[in-house]
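In what follows, a structure is listed as structure tokens, so that the remarks can point back to it.
Per chain, numbering begins at 1; letters A, B, ... match sequence-line order. All figures in this text were calculated on a predicted structure; none of them were measured in a lab. Just so it is clear, the values below take in all heavy atoms, side chains as well, and ignore hydrogens, waters and symmetry mates.
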2 protein chains.
Amino acid sequence: MAPTEKTDLLQGTLDMLILKIVALGPVHGYGISQRIRQISKEVLNVQQGSLYPALHRLEKRGWLSAEWGDSENGREAKFYKLSAKGRRQLAQEEASWNRLSEAVELILGAAQQEA
Amino acid sequence: MAPTEKTDLLQGTLDMLILKIVALGPVHGYGISQRIRQISKEVLNVQQGSLYPALHRLEKRGWLSAEWGDSENGREAKFYKLSAKGRRQLAQEEASWNRLSEAVELILGAAQQEA
DNA sequence: CCGCAACCATAGATTATCTATGCATAGAAA
DNA sequence: TTTCTATGCATAGATAATCTATGGTTGCGG
């Protein structure tokens, strides 16, 4: 019930995470969620109900392109590739993340100060 | 218009930031937003429409207690103090933040790997 | 044949934050 | 004295992100 426990990821980072995974090489949707989980050591768990709408959103914005193909398990899967526009977007989002997370760290690192 | 630019803070961190600031000593609402802005070097800017509802939420959950008093500028202001429960909550949220932000860093740090 | 993992997808609920607005007062500036 | 700005609290409504809950298909191991 505690708000921090029911959140599987930090709001606002999903697009960046997806773009980053796709930047590592073409991959299908299901594989993206697997890699995010694996690389994050089981900490980040993207729900399918978050993943697929996000992928469609990113594609619609021209940051990803999609193409049907065969997965490693011999099944139909939609593979995504990063576009040049997507690469620029990823860079921007990384910069923004760094800026914001550093700012949060500043607050968390703030020590008691006497009046 | 880009989603990352219109965000003044990372979603989900506001409660933690407020609790942390209040943990530094009793402070009124307006002062909380000022300190967040100052300590974060003008990066984080909490809107009043986000701040006050958040304060009421935190108070209702028993993490903060409020009391009217006089501000440094001789004006009526509501001062907030952290409760024991709030202190525990803050610790939890910090732990959660660390876990999640480290996970994000793992993804961002992931390098190309050959198949 | 049955069940599960792999794959895609959408609808609706929940919730956080922002924008826009409103009000009141102290002090500086004009 | 009037006016503007900063200080201070507050709410309503819009926006948007993510989750929960579904639903479906197919390949493979038991």
Let me know, please, whether A:Leu55 or B:Ala54 comes out on the 5' side of the other along DNA chain C by nearest nucleotide.
A:Leu55
Rounding to a whole Å, what distance do you find between [X]:[atom1] and [N]:[atom2]?
X       : N      : atom1 : atom2 : answer
B:Glu72 : D:dT7  : CD    : P     : 10 Å
B:Leu44 : C:dC18 : CG    : C1'   : 15 Å
B:Trp68 : C:dT25 : CH2   : P     : 13 Å
A:His28 : C:dC8  : NE2   : P     : 6 Å
B:Arg35 : D:dT7  : CZ    : P     : 14 Å
A:Gln38 : C:dA6  : CD    : P     : 10 Å
A:Asn73 : C:dC4  : CG    : P     : 18 Å
B:Leu10 : D:dA16 : CG    : C1'   : 15 Å

Only one of B:Leu55, B:Leu17, B:Leu24 passes side-chain contact (heavy atoms from CB on, under 4.5 Å) with B:Ile32, and that residue is B:Leu55
Are the side chains of B:Lys20 and B:Ile39 in contact, using a 4.5 Å heavy-atom criterion?
no
Within the 4.5 Å heavy-atom criterion, are A:Leu19 and A:Leu64 side-chain neighbours or not?
yes
Within less than 4.0 Å of OP1 or OP2 of [N], is there a side-chain N or O belonging to [X]?
X       : N      : value
A:Arg57 : C:dA9  : no
B:Ser71 : D:dT7  : no
B:His56 : D:dT11 : yes

By nearest atom, which of the nucleotides D:dC19, D:dA10, C:dA16 is closest to the B:Lys78 side chain?
D:dA10
Scan A:Ser33 against the nucleic acid and name what it touches under 4.0 Å (heavy atoms): base, sugar-phosphate only, or nothing.
nothing
Which residues within residues 45-52 of chain A lie with some heavy atom under 4.0 Å of an atom in DNA chain C?
A:Gln48, A:Gly49, A:Tyr52
Just by distance, no angles: are the side chains of [X] and [Y] close enough, under 3.5 Å, to form a donor-acceptor pair?
X        : Y       : answer
A:Glu105 : B:Trp97 : yes
B:His28  : B:Glu76 : no
B:Trp63  : B:Glu93 : no

Do you reckon A:Met16 sits in the same ILVMFWY cluster as A:Tyr52, going by side-chain contacts under 4.5 Å, direct or chained?
yes
